[in-house]
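Have a look at the structure below, then the notes.
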Amino acid sequence: MKKPEPNSQTIEINGLRCAGCASTVEKALRAVPGITEANVNFAQHTATVKGSVSTKALIAAVVGAGYQASEIVDEGEDNNKKETAELTHYRQLLHKSWFALAVAVPALAFGFPAMLGGDMPYLLMQWGSPVLAVLTLAVMLYSGPQFFVGSWNALRNHAATMDTLIALGMAAAWGYSMTVTIAPQLFPAGTAEPFWDVIAVVIGLVVLGQALEMRARGRTSEAVKRLIGLKPKTARVIRDGSEIDVPLAEVRLDDTLRVRPGEKIAVDGTVIDGHSSVDESMLTGEPMPAEKLIGSEVTGGTLNKTGTFLYRATRVGKDTALSRIVQMVRQAQGAKPSIGRLADKVAAYFVPTVLIIAVITFVIWFDFGPEPYLNHAMVAAVTVLVIACPCALGLATPMSVMVGVGKAAEYGILIRNGDALQQAGQLTTIIVDKTGTVTLGKPTVTALIPASGWDEVALLKMAASLETGSEHPLAEAIIDAAKSRSLAPAKAENFQAVAGHGVRGEVERKIVLFGNHKLMQDNGIDCTTLLARAEELAKNAATPMFLAADGQPVGIIAVADPIKPDSKAAIARLHSMGIKVAMLTGDNTATAKAVAFQVGIDEVFAEVLPADKDKKIMELVMRGEKVGMVGDGINDAIALTRADVGFAIGTGTDVAIESADIALMSGSLAGVPNAIAISRATVRNIKQNLFGAFIYNILGIPIAAGLLYPFFGLLLNPMIAGAAMAMSSVTVVSNAGRLRWFKP
Amino acid sequence: MNEILVALGGLLIIATIVWWFWLSIPRAVRGAINRVIEIRVEGGVYQPAAIEIPAGKPLTLRFLRIDVTPCAEKVVFSDLAISADLLLNRPHEITLPALQPGIHEFTCQMGMYRGKLIAK
């Protein structure tokens, strides 16, 4: 096997508008010394070059030609880089926190001499405060410069953030403590108390809180990491008759790739040789492996189980189903359900409002507070700044959405927007399409009932022989049934379709009729002995077809679109959730009712034309129902958009994921109750977070301002406020993280 | 006397806060048509944070995230239902549809990093 060519590299080009642009870029790349070959793929917006040249030089050449270029994004590698950067940042935060908390120990001892066992030594009294001034300045410069830089940057943009609150609080505390240290005579005797401990403890705890929050946040995006991790790093491509391993980014459209047992499929494609079973559960949530034969579609990121096969790449790079799913999950994770928009509005006014409250607190304590009023005013104002936590409010919704959308993706449920995530849990009625949603959408022979003197084999063989020339959808079911029993059809002659009734022809010198009861009646064939069974089959949603040879009945073949194995259980789950289920189908009433009866559907709207499906949904919406529509996303496109939440159902990744609010990749109706359960759990989690964050701030800020002082003489210590603030956002993120363990 | 001075000082500070954060509009950088607008995510803010753009024309924003803080990793255009992950030190282009005249905000997920597109 050949190794990848060392001097070949691919870069991403942005800004290409036409094929002319592509040739301009090619020219610019070929002009770079050392390049032997350059090809721009306009469709994929990439350029592949050969030659010993750095990526930087290539990018510079493209930029020089008036376009933008960047290294190909390897999401797996990027994710690793991101994790490395986050780990480094986490460690930095921990070091900063430890340093601040280490300084806090002597600062606390200085602030509370009792900790030292009574009287403070003279030397410590003289020099303790100046030394702590330097140490706490070091804390601010080493452990907390991000607060000052961030607040300054925000201030210049007329914005205020959590950094503003911490920076102001700490600067005020340090400035006040410094004044107390340098000019104690300005303060009444016994009131000149510095706050060195507050600075060290608050910065230490807030930074520790940020570190813990960062760890907890990392876990909320595990679903995307898992999806990205499905991509193999390399693919085995057949070029010029040899197999070579190439990086995934270098796989091109129409490349032929080989996959061996136990290997991951690199990109999307069509099997052209061999067969195998493929585990697609990581994308679709469907646990049963899918059989892949020549002509089957395979999806990048799925796992080949048993056989070896060759396939042709039909979608590569950003166009693969997996890349689109990753993109969609990321997009949805950034979405805000309307429940979270209140917090967004509050966040915009929150910090300036807290600043105003801090000023008012200071003035009230200074003007009306008891001695030492300046000290009290300072403590209260700093505590207000430190306790307020805009982060908890800001994190409340997005953290839960991140986990909820990721959890849904684990079950093969792709939620496209925040409102769908929220509304799915509020649905009162689910309308399901029949064919392909409740049923498999593929007619199958379900019963063979030979007439007296005949057997199943003869019946099926004769029908298959006649239907070989037919293009009727039911014919395919009969031919498949014959194939599965290894029956070779005989040659049919004088084949003739009898419009609306069936077919006729000659098989093995017999005149054969195959069709409905009317066809038999019209030809004077007595099927009385079979009629009772035929009626029974029709009641069970099957279509009975009569076969007659030389004027004598041979038997009945029943063809039905089988109900998916888990449809009934899914509908039962919807009922247990208090949701009504209706069926909307263009099929005839008898069949629709029979299917509905078998799976427990409450209401049936049959014989509805595709164009009228959306009207039916509007009727239900007008009745005050919150309606979810489940369909294949192709025939029901308008109905799906008309419903409060549209669910597109498909088998594997071929589901039309862009056509609805929620796409179910498992092809199973079970995805609907799963999606609803996840939606309810996520919204419940968001409410808990928002409630906690609002209550924390609504209670915390007045207490910090000294509201309890007139009643209980209680004034909150800023250090406790700092600890509470640090823990509030950690609590929100951790609560969102609980959703990871949720099982729908 | 001190009490009055402190009260007056407090009122002045409150007035300044109200004016600076709510009433005054930050100076906007003007983005031209057919030009990619660069936005750096650094030091807790978007830079520039206010961009004047022509209404009714699609435009491309190129974000470059230098800020390692996890809050900065997503940018969200709430009213356009668009969001994107910003990888560290890697430019990320977002093409927006033609915007109606008015202010369109973009924020981090927590709403702490805030920027606005002023479509005129």
Side-chain angles (χ1 to χ4, degrees), chain A residues 14-15 68 70-71 73 78 81-82 85-86 88-89 146 149-163 210 213-214 217-218 224 330-336 341 343-344 347-349 351-352 355-356 359-360 362-363 366-368 377 390-391 393-395 398-399 402 417-418, chain B residues 2-4 6-14 16-27 36 42-50 60 62 67-71 73-78 81-85 87-93 105 107-116:
Chain A
N14 291 314
Q68 297 94 45
S70 54
E71 285 179 61
V73 176
D78 264 331
K81 279 185 190 168
K82 181 185 160 218
E86 281 183 1
T88 310
H89 187 52
Q146 66 276 19
V149 173
S151 66
W152 175 244
N153 286 336
L155 192 66
R156 285 191 306 159
N157 287 324
H158 298 239
T161 64
M162 186 205 80
D163 291 341
Q210 285 181 330
E213 179 198 316
M214 190 167 175
R217 279 176 77 113
V224 167
R330 277 186 167 153
Q331 179 73 26
Q333 284 183 328
K336 287 260 170 76
R341 290 187 193 137
D344 271 5
Y349 296 96
V351 178
L355 295 179
I356 291 171
V359 173
I360 294 171
F362 184 91
V363 172
F366 189 90
D367 285 1
F368 307 108
C391 297
L393 274 177
L395 287 166
M399 288 300 106
M402 291 266 284
N417 57 62
Chain B
N2 278 349
E3 285 81 356
I4 294 168
V6 166
L8 287 175
L11 281 176
L12 191 67
I13 294 171
I14 290 171
T16 309
I17 291 169
V18 170
W19 171 73
W20 185 255
F21 293 114
W22 292 330
L23 301 180
S24 72
I25 296 166
R27 201 183 320 151
V36 174
E42 193 174 12
V45 292
Y46 296 119
Q47 197 61 40
T60 302
R62 187 187 295 141
D67 202 325
V68 74
T69 318
C71 311
E73 75 184 356
K74 244 184 214 305
V75 61
V76 181
F77 294 79
S78 264
I82 291 174
S83 72
D85 281 17
L87 299 170
L88 262 178
N89 302 316
R90 189 185 285 285
H92 186 98
E93 290 192 358
E105 278 205 310
T107 64
C108 69
Q109 265 189 313
M110 290 163 52
M112 286 289 110
Y113 293 61
R114 303 188 86 89
K116 56 181 79 168

Interchain contact, [X] with chain B, by part (heavy-atom threshold 4.5 Å):
X: A/L155; value: both
X: A/N417; value: neither
X: A/A160; value: both
X: A/Y349; value: both
X: A/Q210; value: neither

- Query: What pairs with A/W152 under ring pair (Phe, Tyr, Trp, His ring centres under 6.0 Å), at least two apart in sequence or on another chain?
  - Reply: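 Here no residue qualifies.
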Counting only heavy atoms closer than 4.5 Å, note whether [X] contacts chain A via side chain, backbone, both or neither.
X: B/V68; result: both
X: B/I82; result: both
X: B/S24; result: both
X: B/E105; result: neither
X: B/Y46; result: backbone

- Message: For a quick test of reading the model, state the closest non-hydrogen atom pair linking A/V363 to B/A7 and the distance between them.
- Response: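 Smallest heavy-atom distance, with atoms named: CG1-CA, 3.8 Å.
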- Query: Of all heavy-atom pairs between A/F366 and B/N2, which one has the smallest distance, and what is that distance?
  - Reply: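 Taking every non-hydrogen atom into account, CE2-O, 3.8 Å.
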If only atom types and distance count, is the side chain of [X] paired as donor or acceptor with the main-chain N or O of [Y] below 3.5 Å?
X: A/Q331; Y: B/A81; answer: yes
X: A/Q333; Y: B/D85; answer: no
X: A/N153; Y: B/V45; answer: no

Please determine, among [options], the option with the most heavy-atom pairs under 4.5 Å with chain A.
options: B/V76, B/V6, B/T107; result: B/V6
options: B/G111, B/G115, B/C71, B/C108; result: B/C71
options: B/S83, B/P91, B/G44; result: B/S83

- Options A/L393, A/I356, A/L395, ranked by heavy-atom pairs under 4.5 Å with chain B, top entry: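 Of A/L393, A/I356, A/L395, A/I356 has the most heavy-atom pairs under 4.5 Å with chain B.
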- Query: How far does OG1 of B/T16 sit from CG of B/L11, to the nearest 0.5 angstrom?
  - Reply: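 The CG atom of B/L11 is 10.5 Å from OG1 of B/T16, to the nearest 0.5 Å.
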- Message: Once side chain to side chain contact (heavy atoms under 4.5 Å, CB included) is applied, do any residues pair with B/D67, and if so which ones, sequence neighbours excluded?
- Response: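 With sequence neighbours excluded, B/D67 shows a side chain to side chain contact (heavy atoms under 4.5 Å, CB included) to B/V41, B/T69, B/A72, B/Y113, given in chain and number order.
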- Do A/M162 and B/M110 come close enough that some side-chain heavy atom pair is under 4.5 Å?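 A/M162 vs B/M110: side chains apart.
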